[in-house]
Structure formats: C-alpha cells, structure tokens
Amino acid sequence: MSAPADSAQPLASTSNDQVPTSADITTSDASRGQSASASASASELARTKITLQGALKSFQDFPIPGINFIDILPLFQDPAIHNALLRALELQVLEFVGSLKPDVVVGLDARGFLFGPSLALKLDASFVPVRKKGKMPGPCVTAAYEKEYGTDFFQMQEGAIKPGQKVLVVDDIIATGGSAAAAGTLVKQLGGELVGYLFILEIAFLKGREKLGGVPTITLLETDE
C-alpha cells in the first residue's frame, strides 16, 4: 500500500535543507579574518599618526613674518620615528589605493627623496625621481609649473616608467599643487597610470588639490596651519 501524499512532505522538506559546506565555512572564516586584519591595520595607523604628529616641530615667522613653518625633518632624526613613518605611509597606501597597488613610486625633488625610495621598497615597487630641469642625464620628458616668482620645469628620464604601470606620486607637503601636478603630467607623458598622490602634510587653505585633476589624493597627517 502506498503512503498518503501528505505523509511524504516532511522527508521532502528535510532533503532540501542546505547544510553549510567546508567551502562555505572557509569563505566565511576568510572574510572574518580579512575584516579583523583591516581593523587591526586601521588601529595601528591611527596610533602611529598620533606619534608622528607629536614629533613635528613648528617655527613662527619662517621663512617670512606671519608664516608658521611646520618642520617634518624631526621625523627622520629618530630611527624609531623614521620607521613608524614608513610603516604609516605603507598602511596609508594599502588602505588608500586597495587593489591598485602601485608598480612605481615617483618622488619629487627634493624632499620626496627622503622617504620615496624606502616606501617603494616596502611596496615592492620601483622608485623614480622627478628633478629640476638639467639635473638628469639622457633623454628626458619635461613639464612646466608656476611658482611665486615665475615658471619652473620638472623632468623625468625617458623609459623610467613603462606604459600601463600604476604610479603613485609622493612628496612631503602639498601647497599650491603646481609641482605635484607637473609630476603627474610627466607620468602621463610616459604612459603611466596615475593612481594617486600621497603627502605627509597639506597646507589646505592654498587649495593645491584643485590642480590635481580629481586624482585621488591623501594626506598622512593634519595641521591647522
């Protein structure tokens, strides 16, 4: 004798229940692990920024009366602080660009040379300098930018950046933004993909970001000056 149709329903329902597979559990664990790692990195970055901020020095009326000059050089005088700076810059880049991890770090003449090469090593990227016109041998590409006393020129050696390489431009401070924009122009002339700008400090009231063409820009530390 066959069973009534409704008596088979519980068995059908049980057979359709989804039981988590090992792949589901592994994916869930990985997601939680990534979230915890990101949270730990963010916490480390926040703590390190406080340390770095405290190491900065300011000088009133330099270089002219009415200017409060923020000096970043103390960040390099103590090995522990210097190492903390590099770690913070590395974390900031990884948080900032995500999957667009740079192939090349471009440092501006001259303070971009202080930390650009070390940051490039941490990111497993090459380092390419941007220098004033006439300072580098061989064929170069050139870009002009305006300064308070006239026009100046930046150069980069031809072939230093390969077409399609992802490039991050770094410098100590963004002020008017002209020199950083010129560096970005050089990157594009060589066929690089400009993924962002990174600065230690920003003089916000000069609105230098407005010259960077909407390219993602991040500042490591903040100042009210």
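Side chains are part of it too, since the values below use all heavy atoms of this structure and drop only hydrogens, waters and symmetry mates.
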Donor-acceptor pair, side chain of Y197 and main chain of A180, under 3.5 angstrom:
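Checked: pair present.
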K135 backbone acceptor or donor facing Q155 side chain under 3.5 Å
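No; zero donor-acceptor contacts below 3.5 Å.
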Atom pair [atom1] ([X]) and [atom2] ([Y]), whose distance is rounded to the nearest 0.5 Å:
X: L198; Y: F115; atom1: CG; atom2: CZ; result: 6.0 Å
X: L75; Y: L86; atom1: CG; atom2: CG; result: 10.0 Å
X: T142; Y: M156; atom1: OG1; atom2: CE; result: 11.0 Å
X: C140; Y: Q189; atom1: SG; atom2: CD; result: 11.0 Å
X: T185; Y: L190; atom1: OG1; atom2: CG; result: 11.0 Å
X: L45; Y: L220; atom1: CG; atom2: CG; result: 6.5 Å

Of all heavy-atom pairs between [X] and [Y], which one has the smallest distance, and what is that distance?
X: A144; Y: T151; answer: CB-CG2, 3.9 Å
X: F127; Y: G107; answer: CE1-N, 3.5 Å
X: G112; Y: P117; answer: O-CD, 4.1 Å
X: G196; Y: L168; answer: O-CD1, 3.4 Å
X: K147; Y: K132; answer: NZ-NZ, 4.2 Å

Let me check something: do I218 and L201 share a hydrophobic cluster, defined by ILVMFWY side-chain heavy atoms less than 4.5 Å apart, either directly or through other members?
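Yes, same cluster.
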Run the ring pair (Phe, Tyr, Trp, His ring centres under 6.0 Å) test against Y145 and tell me which residues pass, sequence neighbours left out.
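F154.
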Among L89, I72, L221, I200, find the residue that satisfies the side chain to side chain contact (heavy atoms under 4.5 Å, CB included) test when tested with L52.
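Exactly one candidate clears the test, L221.
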Min side-chain heavy-atom separation I70-S58 under 4.5 Å
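Yes, side chains in contact.
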Going by the rule side-chain hydrogen bond (donor to acceptor under 3.5 Å, both in side chains), which residues pair with R47 if we only count those two or more places apart in sequence or in a different chain?
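side-chain hydrogen bond (donor to acceptor under 3.5 Å, both in side chains) check on R47 returns S43.
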